[in-house]
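All values derive from a computational prediction rather than experimental measurement.
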Amino acid sequence: MMKLNILDILHALGWKIISADNFRQIYVITQSSERLARAQEVAKTYQVTIDEMCFDETGNLYISFMDKKTKEFVDNYYHNGMDPHELY
């Protein structure tokens with residue numbers, strides 16, 4: 001059984017968490033060295049919040065993150081067939 005929270009999800013997407021406010025759902029992130037190497041991007045720091053979160057009856061979880069200031073899309077996460085007890 002795997003359990004995920006928002007910080008685990010951001011880490012799985014290749015983000016390094018600088019700070020997190022789970023109550024306000026604001027996360028300051030930057031690309032991990034692995035993500036930078038894979039995407040060949042220039043390191044940037046983002047203050048993101050959850051734009052959309054859906055968990056349907058078939059266990060599909062979708063979360064999208066947007067830049068808090070610009071409201072632009074930053075990244076998303078999709079997990080197919082997740083059990084409700086896997087989220088915390």
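Cluster partners of F23, using a side-chain heavy-atom cutoff of under 4.5 Å among ILVMFWY residues and allowing indirect links: none.
Between atom CG of residue N22 and atom OH of residue Y27 there is a gap of 4.0 Å, rounded to the nearest 0.5 Å. Taking CD1 of I9 as the reference point, atom CG of N76 lies at 11.0 Å (rounded to 0.5 Å). Distance check: S64 OG to M66 CE gives 8.0 Å after rounding to the nearest 0.5 Å. For the atom pair K44 NZ and D67 CG, the distance stands at 8.5 Å (nearest 0.5 Å). Of the inter-residue distances, the one linking L10 atom CG with S32 atom OG reads 11.0 Å to the nearest 0.5 angstrom. D8 CG to Y77 OH: the interatomic distance, rounded to the nearest 0.5 Å, is 9.0 Å.
Here side chain to side chain donor-acceptor pair (under 3.5 Å) pairs that include residues 9-21, with residues two or more places apart or in two chains, are W15-D75.
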Can you list the steps and then say if T30 with I18 is a side-chain contact (heavy atoms from CB on, under 4.5 Å)?
-> CA-CA 7 Å; T30 191; I18 297 169; 4.0 Å; yes
Intermediate values then yes/no, side-chain contact (heavy atoms from CB on, under 4.5 Å), T45 and I29 = CA-CA 6 Å; T45 300; I29 59 175; over 6 Å; no
side-chain contact (heavy atoms from CB on, under 4.5 Å) between M53 and I6, intermediate numbers included | CA-CA 11 Å; M53 183 184 296; I6 296 299; 3.9 Å; yes
In sequence, state the C-alpha distance, the side-chain angles, and the governing distance for F65 and T49, and then conclude on side-chain contact (heavy atoms from CB on, under 4.5 Å).
-> CA-CA 6 Å; F65 299 93; T49 189; over 6 Å; no
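Applying the side-chain hydrogen bond (donor to acceptor under 3.5 Å, both in side chains) test to E72 and every residue at least two apart in sequence or in another chain returns nothing.
Residues K68 and I26 form a side-chain contact, since some pair of their non-hydrogen atoms from C-beta on lies under 4.5 Å apart.
Taking hydrophobic clusters as Ile, Leu, Val, Met, Phe, Trp and Tyr residues chained together by side-chain heavy-atom distances below 4.5 Å, L7 shares a cluster with Y46.
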